Amino acid sequence: MSDPLVAQLTALILEACEKDAPPGGLHADEPLFGAETRLQLDSLDALQISMAIQKQYGLRMADSKETRRALSSIAHLADYLVASGISPGAQGTTPTA
């Protein structure tokens, strides 16, 4: 996982969901979804994030268990993108896989 990619994904998630960063910022391994999380993201937020990922990186995220796992934290999302062929720090890149 790459720090530039984590920073990009943090900004993308906050913008897509129209949220402010919580005090102390978001941690890469912090859970994103659920009532007990600091951002309290829901299924509509997941859709907005997946649409932003598609627009930013050209990667369509299908509705699957794998996608839900990828969206569980910024770290998991970064790993998912890298495994899908997205170069760390890349923008508007088409997956190589």
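These numbers were taken from a predicted model, which means no experiment stands behind them.
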- Ser64 meets the side chain to side chain contact (heavy atoms under 4.5 Å, CB included) criterion, sequence neighbours left out, with Glu66, Thr67

- Message: Test: salt bridge (charged side-chain N to carboxylate O under 4.0 Å, His left out). Region: residues 15-28. Which pairs qualify, not counting sequence neighbours?
- Response: none

- Message: As an exercise, state the distance from OG of Ser43 to CZ of Phe33, rounded to the nearest 0.5 Å.
- Response: 8.5 Å

- Apply side-chain contact (heavy atoms from CB on, under 4.5 Å) to the pair Tyr80 and Leu59, showing each step before the final yes or no. CA-CA 11 Å; Tyr80 176 84; Leu59 178 66; 3.8 Å; yes

- Task: Any salt bridge (charged side-chain N to carboxylate O under 4.0 Å, His left out) involving residues 25-49? Give me the pairs, sequence neighbours left out, ordered by first then second residue.
- Result: Glu30-Arg38

- Got a second to check how far Leu5's CG is from Leu9's CG, nearest 0.5 Å? 4.5 Å

- Query: Do you know the tightest heavy-atom contact between Ser72 and Arg69?
  - Reply: OG-O, 2.7 Å

- Taking only residues two or more places apart in sequence, or in another chain, which ones meet Ala52 in a side chain to side chain contact (heavy atoms under 4.5 Å, CB included)? Leu12, Ala16

- Give, for atom CD of Gln56 and atom CD1 of Ile86, the distance between the pair rounded to the nearest 0.5 Å. 10.0 Å

- Query: With a 4.5 Å heavy-atom cut-off, do Leu32 and Leu77 have their side chains touching?
  - Reply: no

- Message: My understanding is that only residues two or more places apart in sequence, or in another chain, count here; which of them pass side chain to side chain contact (heavy atoms under 4.5 Å, CB included) with Thr10?
- Response: Val6, Leu14, Leu26, Ile74

- Message: Working note: Leu41 + Cys17, criterion side-chain contact (heavy atoms from CB on, under 4.5 Å); need CA distance, chi angles, decisive distance, verdict.
- Response: CA-CA 8 Å; Leu41 300 182; Cys17 299; 3.9 Å; yes

- Query: Roughly how far apart are Met51 CE and Gln54 CD, rounded to 0.5 Å?
  - Reply: 8.5 Å

- For Arg68, check salt bridge (Lys or Arg N to Asp or Glu O under 4.0 Å) against everything at least two apart and list the hits. Asp63

- Task: Go through the structure and list residues passing side chain to side chain contact (heavy atoms under 4.5 Å, CB included) with Ser50, not counting sequence neighbours.
- Result: Leu47, Met61

